[in-house]
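The next block holds one structure in the form of structure tokens; read it before the comments.
This structure is a prediction, so every number in the text was calculated from the model and none was measured.
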Amino acid sequence: MTGQDRQTPTSERLYDELLVTLIQGGDRRAAERLAARWQPRLARTARRLLGNGEQALAAVQESWLSILRGIAGLRDPSRFAPWAFGILRRRCVDRIRAQQTKRARDGEIEVEPAIESGAEDGLAIRQAFAFLPHDQRLAAQLFFVEGLTLAEIAEVQEVPVGPAKSRLFQARRKLKAMLADHLEGDVT
């Protein structure tokens, strides 16, 4: 069972590479398949970064436009994951900046969106992620949820591997501390 578990990510990556290659050759059905496979992953990451479902979906749609426009220029199809997450990161940053500019201009104080109710532990994890600084949150999301390597996270965040590793280390340390506090609160 563990052997197959290890092969699944590799086979999924190979399938993504095949789809990218087919898209670069003009296959529209391959583009639809790739979008169907990646839409949930990009949406999940965008929601984690933006904290707003509508903003996240808009960022993902903008990302897909950029992905489909630029995929012909992707030299190495095996780099699709970090390339796509990098595009998504830039779209999310654009949206965050636009929101900050609007708040500054209008003098608005934005109320944090309510976190969806669910299991108490799931809620604690979402809240812990929400308290992380943006760069650490993205590194943790890409590593723990999306399964990217440190090199891929560095590529997405457009930093060397050292800072990406540091961001992940700091995120892990903060998440551990926040979740330990949550568990201690359950005991008392």
Side-chain angles (χ1 to χ4, degrees), residues 1-2 5-10 12-13 16 38-57 59-60 63 78-101 103-104 109-188:
M1 184 168 150
T2 57
D5 289 344
R6 286 187 203 134
Q7 291 176 357
T8 301
T10 303
E12 288 180 8
R13 284 181 182 241
D16 290 338
W38 277 83
Q39 180 74 15
R41 291 181 75 180
L42 294 174
R44 180 175 52 230
T45 300
R47 276 192 303 276
R48 178 75 40 97
L49 294 175
L50 296 172
N52 178 307
E54 289 178 30
Q55 289 287 327
L57 289 177
V60 171
S63 296
S78 70
R79 307 304 304 156
F80 176 76
W83 179 72
F85 279 120
I87 290 171
L88 177 67
R89 179 190 62 83
R90 289 187 292 279
R91 296 304 164 264
C92 289
V93 166
D94 291 345
R95 290 194 163 272
I96 290 168
R97 286 183 182 142
Q99 288 173 349
Q100 289 172 339
T101 301
R103 281 196 307 263
I109 298 175
E110 187 173 303
V111 176
E112 286 290 319
I115 297 177
E116 298 172 8
S117 63
E120 192 172 312
D121 290 339
L123 179 63
I125 291 169
R126 285 192 297 274
Q127 288 174 335
F129 262 87
F131 281 110
L132 291 174
H134 176 77
D135 56 349
Q136 292 175 12
R137 186 179 332 141
L138 178 59
Q141 171 75 19
L142 294 175
F143 185 79
F144 294 117
V145 180
E146 301 302 337
L148 269 64
T149 65
L150 274 173
E152 291 171 331
I153 293 168
E155 187 176 333
V156 169
Q157 293 189 319
E158 298 175 340
V159 297
V161 173
K165 187 175 183 179
S166 176
R167 289 173 182 180
L168 184 58
F169 174 80
Q170 294 298 325
R172 180 182 288 152
R173 186 177 56 78
K174 289 176 184 176
L175 288 170
K176 185 177 178 180
M178 286 185 269
L179 293 174
D181 290 344
H182 168 72
L183 292 175
E184 287 174 8
D186 287 347
V187 174
T188 58

- [ ] Check the surroundings of atom NZ in Lys174: do more than 12 heavy atoms from other residues, nucleotides or ligands lie under 6.0 Å from it?
- [x] yes

Task: Residues Leu88, Val60; criterion side-chain contact (heavy atoms from CB on, under 4.5 Å); working and verdict - done: CA-CA 7 Å; Leu88 177 67; Val60 171; 4.0 Å; yes

Open item on the list: Any non-hydrogen side-chain atom of Leu142 less than 4.5 Å from a side-chain atom of Val156?
Closed with: yes

TODO: Heavy atoms only: give me the nearest Leu132-Arg137 pair and the separation to one decimal.
DONE: O-NH2, 3.1 Å

TODO: Establish, for the pair Arg41 and Trp38, whether the NZ or CZ atom is under 6.0 angstrom from the six-membered ring centre and no further than 45 degrees off its axis.
DONE: yes

Task: Atom of Ala171, atom of Gln136 and distance for their closest heavy-atom approach - done: CB-O, 3.6 Å

- [ ] For Gln170 and Arg173, run side chain to side chain donor-acceptor pair (under 3.5 Å): C-alpha distance rounded to whole Å, both residues' side-chain angles, the deciding distance at 0.1 Å, then the answer.
- [x] CA-CA 5 Å; Gln170 294 298 325; Arg173 186 177 56 78; 2.4 Å; yes

TODO: Could you tell me which non-hydrogen atom of Cys92 sits nearest to which non-hydrogen atom of Ala59, and how far apart they are?
DONE: SG-CB, 4.1 Å

- [ ] Looking only at non-hydrogen atoms, find the nearest pair between Leu148 and Arg13 and report the distance.
- [x] CA-NH2, 4.3 Å

Task: Gln127 and Met178, any side-chain heavy atoms less than 4.5 Å apart - done: no

- [ ] Would you indicate whether the side-chain heavy atoms of Arg90 and Glu158 approach each other to under 4.5 Å?
- [x] yes

TODO: Assess whether side-chain contact (heavy atoms from CB on, under 4.5 Å) is satisfied between Val159 and Asp135, documenting all intermediate values.
DONE: CA-CA 11 Å; Val159 297; Asp135 56 349; over 6 Å; no

Open item on the list: Less than 4.5 Å apart, side chain to side chain, heavy atoms only: is that true for Phe85 and Ile153?
Closed with: no

Task: Closest non-hydrogen atom pair, Ala140 against Leu175 - done: CB-CD1, 4.3 Å

Open item on the list: If I take atom NE2 from residue His134 and atom CZ from residue Arg48, how far apart are they, to the nearest 0.5 angstrom?
Closed with: 13.0 Å

TODO: Report the distance from atom CG of Leu49 to atom CZ of Phe129, rounding to the nearest 0.5 Å.
DONE: 10.0 Å

Task: Inter-residue atom distance Ser78.OG - Trp83.CH2, 0.5 Å rounding - done: 13.0 Å

- [ ] State plainly whether the residues Arg89 and Glu146 are in salt-bridge range, i.e. N to O under 4.0 Å.
- [x] no

Task: Minimum-distance pair of heavy atoms, taken over all atoms of Val161 and Ala151 - done: CG2-CA, 4.2 Å

Task: CZ on Arg47 to CG on Leu42, rounded to 0.5 Å - done: 10.5 Å

Task: Verdict with reasoning, Arg172 to Phe143, per side-chain contact (heavy atoms from CB on, under 4.5 Å) - done: CA-CA 10 Å; Arg172 180 182 288 152; Phe143 185 79; 3.5 Å; yes

